[in-house]
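Keep in mind that the numbers below use all heavy atoms, side chains included, and drop hydrogens, waters and symmetry copies. Values in this document were obtained by computation on a predicted structure and should not be read as measured data. Chain A is the first sequence line, chain B the second, and so forth, proteins listed ahead of strands; every chain is numbered from 1.
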Number of protein chains: 2
Amino acid sequence: MVSIKDIARIAGVSPSTISRVVNQKKYVKPEIRERVLAVVKETGYVPNNAARSMVLKRTFTVGIVIPDTFNMFQRQLFSTIEHSLEEYGYRTLFFFVKWEEESETRCLRRIQAEKLDGIIMIHEVIHPEFYAYLAKGSVPVVLCTFDRDELALHSIHIDEESAARMATNYLIGLGHTRIGLISGMHFSFGAQRANGYRSALKEAGIRIDENRIVFVPSYSTEDGRAGMLTLLSRLTPISAVFAATDELAIGALRALYESGLRVPQDVSVVGIDDIDIAAYLAPGLTTIRQPIRDMGKRAAEIMAQLIAKSDIDDELSTFGFELVVRESSGTPNAKQIGAQDLPDRASRIEKRS
Amino acid sequence: MVSIKDIARIAGVSPSTISRVVNQKKYVKPEIRERVLAVVKETGYVPNNAARSMVLKRTFTVGIVIPDTFNMFQRQLFSTIEHSLEEYGYRTLFFFVKWEEESETRCLRRIQAEKLDGIIMIHEVIHPEFYAYLAKGSVPVVLCTFDRDELALHSIHIDEESAARMATNYLIGLGHTRIGLISGMHFSFGAQRANGYRSALKEAGIRIDENRIVFVPSYSTEDGRAGMLTLLSRLTPISAVFAATDELAIGALRALYESGLRVPQDVSVVGIDDIDIAAYLAPGLTTIRQPIRDMGKRAAEIMAQLIAKSDIDDELSTFGFELVVRESSGTPNAKQIGAQDLPDRASRIEKRS
DNA sequence: GTGAAAGCGCTAACAC
DNA sequence: GTGTTAGCGCTTTCAC
């Protein structure tokens, strides 16, 4: 492996000069700069990151902690973050963690060994030790798509409860009163979105029937399917279902299909997130869109500022969302209509921020 | 940041001893070992990776080059690889690259700066310089889900052409003769799968009609939709469509839905890959399943062996695949049946390896 | 068994 | 403008 010394020797100058050239510092005579650059090109020299970060005491690396089974929403989020971070000059190291203490502990060890410049959490963890480390302030942290008030960390998210309320209110506005809920047991948004559902019903004066509510262990499509099947098996009539995430909603759609029920004629389905595939389902999924790209960019921006000056310019962290109406929702007992009569995809968008 | 010297000072021994304890070397008196371990635990000392890899001249890092817009198939693949690699003691660094020279060049620079122990390509690249670097042999490489005969690199993949032939033959066996093809322009599998389609038709004595074939720029769902719409607009009758990937198939399903056509009564759709969501679509997608997990594990295994002894134990690299029949396919002009009459998901699986 | 010392590739004072 | 030097945190001979 060719090192800075080799270049120095070949170019007939000192290593410091090479360093100055490579790092675009001034105080190098143009002609020497040219000569060095030529040697660099010729030898294919690329500086060794490990050595650099060792002396600089910076790794130019931010870690992203993300669930092992990250869903499509998180996948879009982390792509955006990765890109933005790269623009700021940081590379990204992913930590896929399972929903279990042992995995988190290992992840924490690894994080510490990496001497990261920053950590972005796209995942809530269980282990208190993990949060204790984050709260210690030894490294900049931003929480993405969730918050922990007690930790006073920077956080990017939407108002989960309001989003769920908007989804539920939309269904109520369509005339539905027998509305089911499928949500997950883990992560705070599961409970927050369930609360939004409850408060929307309450405000509308609709009795909350626990038979119409099911909490599943994960946010997988399979669990969405299982949740819907459970709801169906309870024989409490339902004309619409609010699923706490799009993936859950996709599973619900599948369960309805397997049960021979039509969407939206027999049952309307609404999700949250607006993952890419939502628009390509048949029927297209009505959902609440989170501004994924904006949120990802903002997370990277905050991180970059935190690293540069341990402070951020502006506190914007709660993002707006919007209802995207597609074909999976309609008025209760709507007469069957052919697909060709359906409104355009995302034809009706209702905003709020 | 607590370093090995701090530990040495506190424990009253030399840094070398600490190193020996931490790296589980022998020649340390048990009582000293205990004492050191206690200090390590107490201080929360974690060795600095950068410093280690600097002296060891190994980074314990393998890079995974993957498309910027990786699809769900690739997503499952890289999760598996990441996990297996972790078990072998390697960490993973992702390089998301766009389908353009500039992005590849940047990626190559970054790869070189990282001094990786190995590289797994889940993505074909365009730039010849990139392949030149890989072929140079300065670092172990494994190609995953594609091959480049001229480079003599280790590679993991299925026989793409045979897989496509199996999909097409299945449709032919159902009685279809007017079979469309949607494939992509990039990546070798696009052409290989198209060849499989062609040779299946040829073998069955069915005339190949170029009007039933469309190549789209990417493998996105949107392009699958656009491709299907194009096929439909050509007015050449079609009773079935073979899409070169599941994501393309999902887009095709969507286009059919938008056009008011029923699947499979009016048009059957078959994909390749068996991504997770395929089973949860309505109708469920008939497809060819690639053994994603096995392939991912094997890629990690080969990589680990290559790093350890620059040689592998056994040449297994071409994997089998199987047809998974779901509800998106049926005989041409099948009479409409209710969803409740449909066969169980994946009820019929036809193997081949 | 354990410690002293050298050195991995690089940057940043500090000389000149 | 450029070179010399020290040192980042670690591992590994080589003494003892």
query = Choosing from D:dT5, C:dG3, D:dG9, which nucleotide comes nearest the side chain of A:S16?
reply = D:dT5
ask   = Do A:E129 and A:R109 sit within salt-bridge range, that is, some charged N less than 4.0 Å from a carboxylate O?
value = yes
request  = Check the distance between D:dT5's C1' and A:I4's CD1 and give it to me in whole angstrom.
outcome  = 14 Å
inquiry  = Can you say whether a donor on the side chain of B:R20 sits under 3.5 Å from an acceptor on the base of C:dG3, or the other way round?
reply    = yes
request  = Starting at CG of A:D117, measure out to CG of A:L93 and round the result to the nearest 0.5 Å.
outcome  = 11.5 Å
request  = Among D:dT11, D:dT2, C:dC10, find the nucleotide with the atom closest to the side chain of A:K29.
outcome  = D:dT2
message = Using modelled atom types and a 3.5 Å cut-off, is there a donor and acceptor pairing between side-chain atoms of A:E104 and backbone atoms of A:I126?
response = yes
task = State yes or no: are the ring centers of A:F146 and A:H123 separated by less than 6.0 Å?
result = no
query = What is the distance from CZ of B:R58 to P of C:dG9, rounded to the nearest Å?
reply = 16 Å
ask   = Take atom CD in B:E150; do more than 12 heavy atoms of anything else shown fall under 6.0 Å from it?
value = yes
inquiry  = Measuring to OP1 and OP2 of D:dT11, would you say a side-chain N or O of B:N23 lies under 4.0 angstrom away?
reply    = yes
note = With the side chain defined as heavy atoms from C-beta on, A:S3 is closest, among C:dG7, C:dC10, C:dA13, to C:dC10
request  = Assign each of B:V28 and B:A51 to its nearest nucleotide of DNA chain C by heavy atoms, then name whichever residue's nucleotide is nearer the 5' end.
outcome  = B:V28
ask   = Is A:K115 near enough to D:dG9 that one of its side-chain N or O atoms lies under 4.0 angstrom from OP1 or OP2?
value = no
inquiry  = Using whole Å, what does the distance between atom P of nucleotide D:dT4 and atom CD1 of A:I18 come to?
reply    = 13 Å
query = With respect to the phosphate group of D:dT11, does any side-chain polar atom (N or O) of B:R52 fall under 4.0 Å of OP1 or OP2?
reply = yes
ask   = Phosphate oxygens OP1/OP2 of D:dG1: is one of them under 4.0 Å from a side-chain N or O of A:K25?
value = no
task = Please tell me which of the listed nucleotides, D:dG3, C:dC8, C:dT11, lies nearest to the side chain of A:S14?
result = D:dG3
request  = Round to the nearest Å and state the distance from B:E31 atom CD to C:dG1 atom P.
outcome  = 11 Å
remark   = In whole angstroms, the gap separating P of D:dG1 from CD1 of A:I32 amounts to 10 Å
task = When you get a sec, tell me which of C:dG3, D:dT2, C:dG9 is the closest nucleotide to the side chain of A:M54?
result = C:dG9
query = In whole angstrom, what separates A:K5's NZ from C:dG9's C1'?
reply = 7 Å
ask   = Just how far, in rounded Å, is C1' of C:dG9 from CZ of A:R9?
value = 14 Å
request  = Using a cut-off of strictly less than 4.0 Å, decide whether A:T17 has a side-chain nitrogen or oxygen near OP1 or OP2 of D:dG3.
outcome  = yes
message = Rounding to an integer number of Å, can you tell me how far A:I7 CD1 sits from C:dG9 P?
response = 12 Å
remark   = Out of D:dG3, D:dG9, C:dG9, minimum distance to the side chain of A:V13 belongs to D:dG3
ask   = Between the side chain of A:Q76 and the main-chain N/O of A:I275, is any donor-acceptor distance below 3.5 Å?
value = no
message = Base, sugar-phosphate or nothing for A:V55? Non-hydrogen atoms, less than 4.0 Å.
response = base
query = Between B:G12 and B:L56, which has a closest nucleotide on DNA chain C that is more 5'?
reply = B:G12
